[in-house]
Amino acid sequence: MAMDWEVFCKDTLDGVVQSGCFGNGRDITYLDWLLSAWGWTVSVSLTGLVIALVAGSIIGVIRTLPASPWLVRFGNAWVELFRNIPLLVQIFLWYFVVPALVPPMKAFPPFILVVLALGFFTSARIAEQVRAGIQALPKGQRYAGMAMGFTTVQYYRYVLLPMAYRIIIPPLTSESMNIFKNSAVAFAVSIPELTQYALQVGEETARPIEVYIAVTILYAISAFVINRIFAFIERRAQVPGFVVAGTGAGGH
Amino acid sequence: MLNLDFSFLNWTFIQGFILKGLWFSITLTVVATVGGIFFGTLLALMRLSGQKWLVLPAAFYVNVMRSVPLVMVILWFFLLVPFIIGRPVGAEYSAFITFIAFEAAYFSEIMRAGIQSIPRGQVYAGMAMGMSYGQNMKLVILPQAFRNMIPVLLTQTIILFQDTSLVYAIGAYDLLKGFETAGKNFGRPIETYLMATVVYFVISYSLSSVVKRIHGKIAIIR
């Protein structure tokens, strides 16, 4: 079958091919739109990743605290809750149900709601990895910190966490790549990101194959860039002589 | 605070809107698991065969599938399958084909790890017994690989069950769609989304507790 890549150079309103493929002035081509959609995917994913890392770290640490069974239970409940509900359902919950139950949240833009859904969903997985990372350390490290007279906060801050984060960089990498893939689900609440773009433009231009190929490649590029960034961090953060063992397998 | 009204919750509601979707979600999960494990094992064997012409296509397939969002794969198949076989297929059939093809890539990684976890000595023992490569795989390696990987395979199945909700993208009538349709019909979307959450949670949570128990059992015997 014949591919027609010129479709991306067309104006979104009158379908006229623009020279140089980018719109000038008030005209917008499908290529401009594609880049904007990519921008949305990247912002949704990165903001979600920040929320997931912060919430996941807090919950993960809480689950390993000594002598606080209620905090541990809370952390376990958090993980089970956000892990056992499909992401799409969670997005609908944040989008339709939460604003109805908490009226001030009606003023939140959809972007924030989707980012919260994606971030909390992923936080459950990251919490699991942080917990595994901390528990993978020899118990002696904790006791050594205590023996030095460190408070709980201090020995987590100076002894346990610096090692635990290094151990879990590989699973964190795949989770960060997953968040880019999972951001595709945001199409369901009409965030103008890549999948939404593919659905809409594929239909509008009657050239779905070219549109899907472009979108698929952009997803793959995004995941690859994240992978390289984390590989760089992993190299820089390496402790000489310390063998890093991977923990667990990622989902999708 | 919002007043929730669950008064429409009765047998007619469940029968009319939910059961059909639940049945589809469960069938899709089972079919995709069985098909995915079958083709995933084939892919894993291809990747471990050492023959370049088998390794490269299998590795390419698995890596491509794993780097693309499932929603995009669903849309791809929904678009391409009718194009290839020359006639339209419903969203439901398209979903079956997509999930088998997509999950095969994930299951193949699990099976590859399972096969590689069997000590090399067992392979040599099989060869020393005079077994062919096929006999060795079928009688010695694969049964143990499956057994060791049962907890991981089941965990993947739970993720798969949750992911079936993504057929929303092509409008197939699954469990989530059932609740959504009911919500529209009764004008009570908040309540139906809440009920969908509870149902998905209860199913996934009980399955993962079962997996935890199985994991414990297998770990003890080994």
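Here is the naming used below: chain letters follow the sequence lines, and residue numbers restart at 1 for every chain. Both backbone and side-chain heavy atoms feed into the values below; hydrogens, waters and symmetry mates do not.
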Below 3.5 Å, can you tabulate the donor-acceptor pairs from side chains in residues 75-83 of chain A to any protein atom, sequence neighbours excluded?
| residue | atom | partner | partner atom | Å |
| --- | --- | --- | --- | --- |
| A:Asn76 | OD1 | A:Arg63 | NE | 2.7 |
| A:Asn76 | OD1 | A:Arg63 | NH2 | 3.1 |
| A:Trp78 | NE1 | A:Ser123 | OG | 3.1 |
| A:Glu80 | OE1 | A:Asn84 | ND2 | 3.0 |
| A:Glu80 | OE2 | A:Arg83 | NH2 | 3.3 |

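Between the side chain of B:Thr155 and the backbone N or O of B:Pro151 there is at least one donor-acceptor pair closer than 3.5 Å. The closest donor-acceptor contact from the side chain of A:Glu175 to the backbone of A:Asn178 lies at 3.5 Å or more, if one exists at all. Counting only distance, with no hydrogens or angles, the side chain of B:Ser25 and the backbone of B:Leu22 share no donor-acceptor pair below 3.5 Å. A:Ser36 places no side-chain N or O within donor-acceptor distance of the main-chain N or O of A:Asp32, the cut-off being under 3.5 Å.
Against chain B, no residue from residues 107-116 of chain A qualifies, as none has a non-hydrogen atom under 4.5 angstrom away. The contact list for residues 214-232 of chain A toward chain B, using heavy atoms and a distance under 4.5 Å, reads A:Val215, A:Thr216, A:Tyr219, A:Ala220 by residue number. Using non-hydrogen atoms only and a strict 4.5 Å limit, the part of residues 168-181 of chain B facing chain A consists of B:Tyr168, B:Ala169, B:Leu176, B:Glu180.
When B:Val64, B:Thr197, B:Ile158, B:Thr164 are compared by the number of non-hydrogen pairs under 4.5 Å with chain A, B:Thr197 comes out ahead. Between chain A and the residues B:Tyr193, B:Tyr200, B:Phe161, the most heavy-atom pairs under 4.5 angstrom are made by B:Tyr193. Among the candidates A:Thr195, A:Leu194, A:Val97, the residue making the largest number of heavy-atom pairs closer than 4.5 Å to chain B is A:Val97. Options A:Ile85, A:Val89, A:Val185 differ in how many heavy-atom pairs under 4.5 Å they form with chain B, and the most are formed by A:Ile85. Among B:Val202, B:Ile110, B:Val71, B:Leu75, the residue making the largest number of heavy-atom pairs under 4.5 Å with chain A is B:Leu75.
Annotation for B:Gly183 and B:Thr192: closest pair CA-OG1, 3.2 Å, computed over non-hydrogen atoms. The two residues B:Arg66 and B:Ala105 make their nearest non-hydrogen contact at CD-O, 4.4 Å. Between B:Val89 and B:Ser94, the shortest heavy-atom distance links the atoms CG2-CB, 4.3 Å. The two atoms that bring A:Ala184 and B:Pro69 nearest to each other are CB-CB, 3.7 Å, heavy atoms only.
Here the two rings, on B:Phe38 and B:Phe107, have centers that are 6.0 Å apart or farther. A centroid separation of 6.0 Å or more is found between the aromatic rings of A:Trp38 and A:Tyr197.
Aromatic ring orientation, B:Tyr205 versus B:Phe201: parallel (interplanar angle below 30°, classes split at 30° and 60°). Under the 30°/60° scheme for interplanar angles, the aromatic rings of B:Tyr93 and B:Phe96 are found to be tilted. Below 30°, between 30° and 60°, or above 60°: for A:Phe120 and A:Trp94 the angle between ring planes is between 30° and 60°, a tilted geometry.
A:Glu204 has no carboxylate O lying under 4.0 Å from a charged side-chain N of A:Lys10, or vice versa, which leaves the two without a salt bridge.
Judged by distance alone, the side chains of A:Gln135 and A:Arg131 do bring a donor and an acceptor atom under 3.5 Å apart.
Proximity to chain A involves both the backbone and the side chain of B:Leu166, based on heavy atoms less than 4.5 angstrom apart.
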